[in-house]
Amino acid sequence: MYYLNFLIILSLLFLSSCSQSLQKNGLSSKKIEKFNVEIGKTSKRELIIKYGPPIFENVFNKNIIYYLTHKTSYKALEKRKTDKLLVLEIILDKNNVVQEYKKYTEKDGIDLDIAKNQDENTIDFTQFWKDMINALRRQNIED
């Protein structure tokens with residue numbers, strides 16, 4: 001009986017680690033679909049009241065704000081995949097009134113591969129063991 005419980009718990013952990021995970025960032029899809037901006041009329045204050053503060057502002061130009069919704073999915077040990085992406089770029093004039101409004105989707109984005117995937121057949125176990133031994137030798141000494 002003990003081994004059966006252990007086997008069930010082990011299989012549940014294995015199955016849950018292989019399941020697909022979803023992550024949502026930014027505004028909800030419903031809010032972004034109802035996003036209403038009138039050029040020359042809508043102010044930044046009205047946008048904040050209606051949709052909340054912008055997700056981020058342009059670092060170099062404070063008159064550009066962004067609202068977005070981003071939905072990604074991934075499985076363990078696999079690359080993240082963007083399911084839905086919608087970025088709203090709003091350019092404001094000096095009086096904080098909307099001057100220009102642009103929409104970008106996942107089709108406008110570029111898929112960057114920051115870290116190259118290492119070929120599975122060329123794993124360097126000697127470097128792995130060297131790193132492990134060096135990590136064991138380290139000491140946390142406080143002054």
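Computed from a predicted structure; not experimentally measured. All residue numbers refer to positions in the sequence shown, counting from 1.
Across Pro54 and Ile48, no two heavy atoms sit closer than the pair CD-CG1, 4.2 Å. The two residues Glu46 and Lys41 have their closest heavy-atom pair at OE1-O, 4.1 Å. What you find for Tyr51 and Leu27 is that their closest heavy atoms are O-CD2, 3.6 Å.
In the hydrophobic cluster analysis, where Ile, Leu, Val, Met, Phe, Trp and Tyr join through side-chain heavy atoms closer than 4.5 angstrom, Val97 is grouped apart from Ile39.
The distance from the NZ atom of Lys31 to the OG1 atom of Thr69 is 11.5 Å, given to the nearest 0.5 Å. Atom CG of Asn58 is separated from atom OH of Tyr66 by 4.5 Å, given to the nearest 0.5 angstrom. Atoms CG and CG, on Leu68 and Leu86 in that order, are 8.5 Å from each other to the nearest 0.5 Å. Atoms CD and CG, from Gln99 and Asn63 in turn, are 8.5 Å apart once rounded to the nearest 0.5 Å. Expressed to the nearest 0.5 Å, how far NZ of Lys44 lies from NZ of Lys62 amounts to 8.5 Å. One finds the NZ atom of Lys84 at 8.0 Å from the NZ atom of Lys71 (value rounded to the nearest 0.5 Å).
Using a 4.5 Å cut-off on side-chain heavy atoms (C-beta onward), Ile55 and Ile65 make no contact. Side-chain contact between Val98 and Leu92: present, with at least one pair of heavy atoms (C-beta onward) separated by less than 4.5 Å. Put simply, the side chain of Leu88 does not reach to within 4.5 Å of the side chain of Val37, judged on heavy atoms.
Taking the six-membered ring for Trp and thresholds of 30 and 60 degrees, Phe35 and Tyr101 have nearly parallel ring planes, at less than 30 degrees apart.
Distance alone, capped at 3.5 Å, is enough to place a donor-acceptor pair between the Asp93 side chain and the Asn95 backbone.
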